[in-house]
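Heads up: numbering here begins at 1 and tracks the sequence.
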Amino acid sequence: MATGGPEKNPKKANLLDPHSIKHLLDESVTEVVKSRGYVENVRLSNLRLLIGFIIIAIALLAQFYRKKFPENRDLLVACIGLYVVFNGLLQFISYTKEKNAILFTYPPPGSFNSTGLIVSSKLPSFLVRFTKDGVLVEGLFWKDVERLIDDYNGERKNK
């Protein structure tokens, strides 16, 4: 069943900050999935970083080019065009591929699937996984996430 388990140090979130709660839960889900032997696939994140680096390089070129305006007008027009193209590509990737995903994994060894898990999350408006002090009841949360993974693995084997 469980290969890992919750850490001994309790994880605490500010119950008045939904972003803090979601971040803590997303980190915990990532830990559970990785503890079950899934390896994180960071190709999409690396592609986004590369595109971001290109966008920054274009902006730096436009800002620090030796010639001043209006002599550099053609270069500025080209930089603006490239900025729009690469920024549009970055937005396209976010909208079509990432969506609400918090984790992409490679397929487990021996799997018939060519893709791994795409884990996404949505924070419901009512949670019972925290104490009144904001401490995550991690044992229960781990069991629920492990049950989801087991359901996925069972469904995959049946197909």
Side-chain angles (χ1 to χ4, degrees), residues 1-60 80-159:
M1 287 289 255
T3 57
E7 294 180 10
K8 297 187 192 250
N9 295 334
K11 295 179 180 178
K12 194 169 183 178
N14 179 357
L15 295 180
L16 300 176
D17 180 8
H19 298 291
S20 171
I21 294 170
K22 184 173 183 328
H23 180 72
L24 181 69
L25 293 175
D26 289 350
E27 281 184 353
S28 296
V29 167
T30 300
E31 288 177 22
V32 174
V33 172
K34 287 181 177 181
S35 76
R36 297 294 298 262
Y38 288 87
V39 178
E40 185 174 3
N41 181 348
V42 294
R43 284 188 307 207
L44 193 59
S45 295
N46 289 344
L47 177 62
R48 287 180 43 111
L49 286 171
L50 176 65
I51 293 170
F53 176 77
I54 292 169
I55 291 171
I56 291 170
I58 291 168
L60 289 173
I80 291 169
L82 288 172
Y83 174 84
V84 168
V85 167
F86 281 107
N87 197 33
L89 181 62
L90 196 59
Q91 295 302 318
F92 178 77
I93 290 171
S94 292
Y95 182 74
T96 60
K97 299 291 184 189
E98 281 189 327
K99 299 181 183 174
N100 292 334
I102 58 170
L103 177 68
F104 294 89
T105 70
Y106 289 105
S111 173
F112 295 107
N113 289 340
S114 61
T115 60
L117 295 175
I118 299 174
V119 180
S120 61
S121 68
K122 182 179 177 184
L123 186 64
S125 57
F126 178 72
L127 290 172
V128 292
R129 305 236 177 271
F130 289 90
T131 65
K132 291 178 183 177
D133 298 328
V135 176
L136 175 64
V137 182
E138 202 167 1
L140 292 174
F141 188 71
W142 271 67
K143 287 179 183 178
D144 286 345
V145 174
E146 287 177 335
R147 190 174 14 243
L148 285 172
I149 294 170
D150 290 340
D151 289 348
Y152 169 77
N153 287 331
E155 187 177 296
R156 187 182 70 218
K157 289 177 186 174
N158 292 335
K159 288 187 177 178

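Atoms CG and CG, on Leu47 and Leu90 in that order, are 8.5 Å from each other to the nearest 0.5 Å. Distance check, rounded to the nearest 0.5 Å: CG of Leu25 to NE2 of His23 gives 10.5 Å.
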Practice prompt. Apply side chain to side chain contact (heavy atoms under 4.5 Å, CB included) to the pair Asp150 and Arg36, showing each step before the final yes or no.
Written response: CA-CA 10 Å; Asp150 290 340; Arg36 297 294 298 262; 2.5 Å; yes

Worksheet entry | Audit row: Ile51, Ile93, side chain to side chain contact (heavy atoms under 4.5 Å, CB included) steps and yes/no | CA-CA 10 Å; Ile51 293 170; Ile93 290 171; 3.7 Å; yes

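Contact of the Ser120 side chain with the Glu98 side chain is not registered, since no non-hydrogen atoms from C-beta on lie closer than 4.5 Å. No side-chain heavy atom of Pro107 sits under 4.5 Å from any side-chain heavy atom of Tyr38. Under the 4.5 Å side-chain criterion, counting only non-hydrogen atoms from C-beta, Leu82 is not in contact with Ile54. Residues Phe104 and Val42 fail the side-chain proximity criterion, which asks for heavy atoms closer than 4.5 Å. When side chains are defined from C-beta on, Glu146 does not count as touching Asp151, because their heavy atoms never get closer than 4.5 Å. Within the 4.5 Å cutoff, the side chain of Leu50 has no heavy atoms near those of the Asn46 side chain. With contacts defined as side-chain heavy-atom distances shorter than 4.5 Å, the pair Leu103/Val29 does not qualify.
Nearest heavy atom pair, residue Phe86 against residue Ile58, reads CD1-CD1, 3.8 Å. Among all heavy-atom pairs drawn from Lys97 and Leu44, the shortest one is CB-CD2, 3.8 Å.
Here the options are Leu117, Val39, Thr30, Asn41, the test is side-chain contact (heavy atoms from CB on, under 4.5 Å), and the partner is Thr105; only Leu117 passes.
Heavy-atom neighbours of Tyr106 OH from other residues, nucleotides or ligands within 6.0 Å: above the threshold of 12. When the shell of 6.0 Å around NZ of Lys143 is examined, it contains 12 or fewer heavy atoms from other residues, nucleotides or ligands.
Salt-bridge annotation for Asp144 and Arg147: present, with a side-chain N of the basic residue lying under 4.0 Å from a carboxylate O of the acidic one.
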